[in-house]
Amino acid sequence: MKIYRVNMTEGTVRAEEVKEKYATLGGRGLTSQIIADEVDPTCHPLGPNNKLVLAPGLLSGTNAPSSGRLSIGTKSPLTRTIKESNAGGTAAQKLAKLGIKAIIIEGQPQDGKFYTLKVTKDGVELLDGTALVGQRNYDVGKQLRSEHGENVCVVSIGPAGEYKLSAASIAVTDGDGRPVRHCGRGGTGAVMGSKGVKAIVIDDTDAPGVSIKDKEKFKEAAKDFSKMLLNHPVCGQGLPTYGTAVLINILNEAGGLPTKNFRFGRFDGADKISGEAMYDVINERNGKPTHGCHPGCVMRCSQVYHDKDGNYLTAGFEYETIWAFGAHCTIDDLDAIATLDRLCDDIGVDTIEMGVTIGVAMEAGIIPFGDADGAIDLLQQVGEGKPLGRILGNGAEFTAKAYGVSRVPTVKGQSIPAYDPRAVKGVGVTYATSTMGADHTAGYSVTANILKVGGQVDPLKKDGQVDLSRNLQIATAAIDSTGLCLFVAFAVLDEPKALPRIVDMINAQYGLSLTVDDVTELGKSILKTEREFNAKAGFTNSHDRLPEFFNEELDPHGTTFDFTGEELDEVFNF
Amino acid sequence: MQLEVRLFANLRDYLPKDSKGQVKVELPEGSTAADLIKHLNIPRDLPLIIMVNGRREPENHVLQDGDRVGIFPPVGGG
């Protein structure tokens, strides 16, 4: 396998052999290690000394089910911490089949121009991207597919990335060529924009494919693992049928659906924006309730959502997006939220960061709570690069500062997502302590707190939450390195034979003899690397805290986020 | 006693279509969540998540008049 180093200052591409220390790393493990090794933690995230690293996971490009996650690592302009943001779509599978371990983009073009990277079996080349400047993601993909073939994967930034806004995402096309999967969190799109890279076209025609040391063993383990996913009620039934939006009702029922900028735990309009409502609407309009974001996914939690006239509107319409523009902004119109989702994908911004920001804009009185048309207008202004749009596009904390708002739900500058930390305390511990800023995926304690997956821990009490968050953060760092979708965790947490099967697949592919304990050690070592980077960037334990308004009681349970600093610091006791 | 019952995801199929997954149910005093599940004819081949007034409760939990009960099949996301 090769690592490609693209130097945007010089306009050169170099193919490098993979160093031995990187050989058994992939995904987040690899991106975080390269960033830690090569990037000065005190650098400006948008300057020439930051780097952007793209890496498929260890199992990507193989027949391992649901293994198409792409990791992108950098120093985040939003959080100023190390960042790994991962996405589905077809990029990781194609890169892995081309024998590419990682692409490192460094430097900064002197001419201020935008370029397109083309990745094929012959290597990586830099092409002029001037014609794409100013275009939104759907048009970028259409244009590039007409030039390079319908089957290529397009990884791109929209206008928000070009403007280098901190909420900018990197879009990855799905199997239908739509830019609906995003490395959303942390402003990776702004870093790509700062490198002068508008898009990356990945063409895996005549790719050599992934070499597997022991094909029989791999096949057996992959088949078995696939069965475990299909047999698990969440992975095999819940996710394919309703997608992630099914969580709206259960969080609402549990009193943990943050409503009106985290004032209430329940939203009166929850029913109208629930996964069940979405399922009915999709079926009425001949959309697709079940849709995979990449070939080989057995969970297929994505969906295709049509507008009132039965025309395609958006896909990959997730719970957190619906929460952010819905309950958080008190908008109960699913079509309006779908339009906002489409706009985010097209402009290239993180739906969580933008939804939370629009809620903060409502808090500031720019538009009233519940104003769907106003929200759409604000988001358009982000895409158009208007002054207010540029404020909003830099995220919730920036917007709050600009308007003197103190009720701002962020940790390390990144917006808190869809689970109130007072009613789902385990995930609150993760928000506070994650190396990524507030990030539910970093240690998804919602499992044992709400979903009865991987045991049961009372969401309203402190007991067991620190241990739960720690264990999940360690496991997640490891899973994020495999290229497997994090949703396999639902089965892994309930089925003791599942994790050994993941280890079997890695061993068979790479000719290793890792054990389950090695996976835990890998997770720990990734977190330590990331913590060390953050410490050098100036972060201390005092940054591992939630905003003070989480001391206010939350209805309906009247609970607060009541962990002491010392208790939170116990997460990293290893 | 009267209960405010909400069924979610595919469990909605066990209520009349126009109920939108929400019904009032009359049960004798002292009934448990398991009694309610039986009363609604929900099959027991899958584990269920039962929430009473927003708190997860076991099946032997004794219900009170006016309780808000939500029942979910296994769901997930994130």
Side-chain angles (χ1 to χ4, degrees), chain A residues 232-239 241-256 265-266 271-272 274-277 279-280 299 301 318-320 417-419 423 427 440-441 444 446-447 449-453 456-460 485-487 489-491 493-494 555-557, chain B residues 2-25 27 32-34 36-37 39-78:
Chain A
H232 190 270
V234 172
C235 301
Q237 290 171 33
L239 282 170
T241 311
Y242 295 102
T244 60
V246 75
L247 293 179
I248 290 276
N249 272 327
I250 195 162
L251 265 303
N252 190 57
E253 209 49 34
R266 280 192 181 141
D271 236 17
K272 288 161 85 177
S274 66
E276 289 88 337
Y279 177 81
D280 291 343
M299 296 180 284
C301 69
E318 308 295 343
Y319 165 66
E320 284 74 15
Y419 313 84
V427 84
H440 62 294
T441 67
Y444 193 66
V446 181
T447 46
N449 276 189
I450 304 289
L451 305 173
K452 226 165 122 177
V453 168
Q456 295 194 51
V457 175
D458 188 333
L460 303 175
C485 173
L486 187 55
F487 290 169
F490 294 114
L493 288 166
D494 277 341
D555 278 345
H557 298 300
Chain B
Q2 196 180 52
L3 306 165
E4 189 184 318
V5 179
R6 288 174 173 77
L7 301 187
F8 297 100
N10 56 346
L11 298 183
R12 290 183 305 166
D13 297 344
Y14 296 97
L15 294 179
K17 220 175 166 130
D18 57 2
S19 70
K20 291 194 165 176
Q22 235 189 91
V23 286
K24 302 262 188 220
V25 173
L27 280 184
T32 62
L36 175 65
I37 290 163
H39 175 83
L40 295 167
N41 295 316
I42 298 171
R44 302 315 326 273
D45 53 348
L46 279 180
L48 299 171
I49 298 172
I50 302 156
M51 291 217 189
V52 181
N53 303 324
R55 289 173 188 264
R56 206 166 51 197
E57 300 291 356
E59 282 187 28
N60 61 7
H61 178 81
V62 178
L63 300 168
Q64 309 293 330
D65 186 45
D67 275 351
R68 168 174 172 158
V69 187
I71 307 177
F72 298 82
V75 292

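None of these values were measured; they are calculated from a predicted model. A note on names: the letters A, B, ... follow the listed sequences, proteins ahead of strands, and every chain is numbered from 1.
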*Any donor-acceptor N/O pair, A:His232 side chain to A:Phe490 backbone, under 3.5 Å*: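 Confirmed, A:His232 side chain pairs with A:Phe490 backbone.
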
*Under 3.5 Å, is there a donor-acceptor pair between the side chain of B:Arg56 and the main chain of A:Ile450?*
yes

*Where at least one partner belongs to residues 5-23 of chain B, residue pairs that pass side-chain hydrogen bond (donor to acceptor under 3.5 Å, both in side chains), sequence neighbours excluded*: A:Asp280-B:Arg12, B:Glu4-B:Arg6

Under 4.5 Å from a heavy atom of chain B, the part of [X] involved:
{"X": "A:Leu451", "result": "both"}
{"X": "A:Asp494", "result": "neither"}
{"X": "A:Glu276", "result": "both"}
{"X": "A:Phe487", "result": "side chain"}

*Nearest heavy-atom pair of A:Thr241 and A:Tyr279: which atoms, and what distance?*
O-CD1, 3.4 Å

*Flag the one option from A:Asn249, A:Asp271, A:Ile250, A:Val234 with the top tally of heavy-atom pairs under 4.5 Å to chain B.*
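Most pairs with chain B among the choices: A:Ile250.
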
*Contact leader toward chain B among A:Arg266, A:Glu318, A:Met299, where contacts are heavy-atom pairs under 4.5 Å*: A:Arg266

*Against chain A, label B:Ile71 side chain, backbone, both or neither, depending on which of its atoms sit under 4.5 Å from a heavy atom there.*
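When you check distances to chain A, no heavy atom of B:Ile71 falls under 4.5 Å.
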
*Can you tell which part of B:Phe8 gets under 4.5 Å to a heavy atom of chain A, answering side chain, backbone, both or neither?*
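B:Phe8 touches chain A through backbone and side-chain heavy atoms alike.
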
_Side chains of A:Gln237 and A:Tyr242 only: does a donor on one sit below 3.5 Å from an acceptor on the other?_
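Result is no, nothing qualifies.
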
*Can you label the angle between the A:Tyr444 ring and the A:His440 ring as parallel, tilted or perpendicular, going by 30° and 60°?*
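Geometry flag for A:His440 against A:Tyr444: perpendicular rings.
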
*Quick one: of B:Pro74, B:Gly70, B:Ala9, who has the most non-hydrogen atom pairs under 4.5 Å with chain A?*
B:Ala9

*For A:His557, enumerate each residue passing the side chain to side chain donor-acceptor pair (under 3.5 Å) test, keeping only those at least two apart in sequence or located in another chain.*
none

